[in-house]
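Side chains are part of it too, since the values below use all heavy atoms of this structure and drop only hydrogens, waters and symmetry mates. Numbering of ligands and ligand atoms starts at 1, following listing order.
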Amino acid sequence: MLPPPSSDRLNLLGLTRAGLETYITELGSKPFRARQLLNWIYKRGEQRIEAMTDLSKQFRAELAQRAEVRTPEIAEVQHSEDGTRKWKLKADSGQAYEMVFIPESDRGTLCISSQVGCALDCSFCSTAQQGFNRNLTTAEIVGQVWLACRELAGAEGAVEAAAGRVITNVVLMGMGEPLANFRNVVPALKILLDDLGFDLSRRRVTLSTSGLVPQIYRLAEEVNVALAVSLHAPDDALRSELVPINRKHPIAELLEACWHYLDEQNGRSVTFEYVMLQGINDSVQQARALARLLQGHPAKINLIPFNPFPGTRYRRSAPEVISRFRDELLGRGLIATIRRTRGEDIDAACGQLAGRVVDRTTVRLGEKTFALVAS
Ligand code: SAH
């Protein structure tokens, strides 16, 4: 499953604080050195081990032989007219995955990927059309944030962004299904939250899932981040068509898992994403059905105008239809917002990330795909 290493050295970006302490102890050094290393890597943005001058020369030399701080390599950068930036990052064998930075007046959001492609096959998503190749490693997930910090830090060179000045929010809403890559995503989230790591607050890190129910329960035991769920339909028949994993984990089970997550994590609310597809899921009756589903629960609904991509059969709902849908929800006491589309001119908007993926899933929609997804 792992990519051929571009270097034999261990990538320190893949280690949580605990992992780094263990590693350093194995090298025969004291665990407190982990703090110094984390400070260099995440607070000062230093990539060169030899420049970490409060570590002994000998230790630096030994460490540099075995380990490194390796970021993903950039294949291409695109700038949108609205300030959004998209980076295409190299995976192995000519493949690529993408990350997007979205600046707003009061925050800067980095949207990162968790897989090269996606196996879930949601019918309205461009990533799905490409199929699935592999999971990103923890180092590749953390490396996106580290790299974006460096790219956005400006002339000073210091990774001030790591202290939350440029990148204030990180969302796992890029390519892939994060909960299908649980084993690598969870340590990455821990590094994003760690005060010796990126030190982001748990409300500013959002994991978005298409609804892998067992993994939502597992997540509740492991880490505390904001949860977003791609709902997209108010009933199982339609949701199963749009988000095929619904056939395995229907809406009632999914919502149960969401409320459990909030209870366990003391969370305020779950955000439900709902893509607005003309004539498919955007009627007033469907808004009412959605309201009935979520009324009385700590839920926020984020309506996403559909972003088209080549070959899609869907169209975006008209603005007045989206507003009416929102008003119907608001009128029933729900919190509902319309997501502003950003970066559309560079294909950086929700559901438009495609990268370059060599599909390895042979059977789509069947049990085999689900087995692959849940590994
Ligand atoms: N796999 C995860 C993470 C992707 S997040 C998930 O499904 O939640 C990306 C968000 O954009 C999801 O809510 C997804 O359903 C939505 N999306 C996908 N394709 C889209 C499109 N073409 N237009 C608008 N939103 C889309």
Tested for side chain to side chain contact (heavy atoms under 4.5 Å, CB included) against Leu219, the lone hit among Thr209, Leu212, Val185, Leu189 is Leu189

Look at Lys190 together with Glu222 and state whether they make a salt bridge at an N to O cut-off of under 4.0 Å. yes

Evaluate Pro178 for polar contact with ligand 1, using N/O atom pairs at a separation under 3.5 Å. no

Parallel, tilted or perpendicular, judged at 30° and 60°: which one describes the rings of Phe306 and Tyr314? perpendicular

Counting non-hydrogen protein atoms only, what is the nearest one to atom 7 (O) of ligand 1? Give residue, atom name and distance. Ser230 OG, 3.2 Å

What is the closest protein heavy atom to atom 2 (C) of ligand 1, and at what distance does it sit? Ser208 O, 3.3 Å

Main-chain N/O of Ile41 paired to Gln47 side chain as donor or acceptor, under 3.5 Å: no

Which residue and atom name correspond to the protein heavy atom nearest atom 23 (N) of ligand 1, and how close is it? Asn307 N, 2.9 Å

Before signing off on this row, confirm whether Gly176 and ligand 1 have an N or O atom pair separated by under 3.5 Å. yes

Quick note on ligand 1: atoms under 4.0 Å from a heavy atom of Ser210 include exactly 6 (C), 7 (O), 8 (O)

Please state which part of Val243 comes within less than 4.0 Å of ligand 1, counting heavy atoms only: side chain, backbone, both or neither. neither

Would Cys350 count as being in polar contact with ligand 1, using the rule that some N or O on each side must be under 3.5 angstrom apart? yes

Of the listed options Met175, His232, Glu273, closest to atom 14 (C) of ligand 1 (non-hydrogen atoms): His232

Atom 19 (N) of ligand 1 [closest protein heavy-atom partner, distance rounded to 0.1 Å]: Gly351 CA, 3.0 Å

Acceptor/donor pairs from residues 328-335 side chains to any protein atom, 3.5 angstrom cut, sequence neighbours excluded:
{"unit_1": "Glu328", "atom_1": "OE2", "unit_2": "Arg288", "atom_2": "NE", "d": "3.0"}
{"unit_1": "Glu328", "atom_1": "OE2", "unit_2": "Arg332", "atom_2": "NE", "d": "3.2"}
{"unit_1": "Glu328", "atom_1": "OE2", "unit_2": "Arg332", "atom_2": "NH2", "d": "3.1"}

Val275 neighbourhood, listing ligand 1 atoms whose heavy-atom distance to it stays under 4.0 Å: 23 (N), 24 (C), 25 (N)

Taking heavy atoms and a distance under 4.0 Å, where does Ile304 meet ligand 1: side chain, backbone, both or neither? side chain

Answer whether the closest heavy-atom distance between the side chains of Trp40 and Thr53 falls below 4.5 Å. yes

Any atoms of ligand 1 less than 4.0 Å from a non-hydrogen atom of Cys125? List them with their elements. 18 (C), 19 (N)

Side chain to side chain contact (heavy atoms under 4.5 Å, CB included) partner of Arg316, chosen from Val321, Leu277, Asn307: Asn307

Nearest protein heavy-atom contact for atom 9 (C) of ligand 1: which residue, which atom, what distance? Met173 O, 3.5 Å

Would you indicate whether the side-chain heavy atoms of Arg203 and Asn169 approach each other to under 4.5 Å? no

Counting only heavy atoms, which portion of Phe124 has something under 4.0 Å from ligand 1: side chain, backbone, both, or neither? both

Under 4.0 Å between a Lys/Arg side-chain N and an Asp/Glu carboxylate O for Glu50 and Arg60? no

Joint cluster assignment, Val243 & Leu293, ILVMFWY side-chain distance < 4.5 Å: yes

Can a non-hydrogen atom of Gly174 be found less than 4.0 Å from any atom of ligand 1? yes

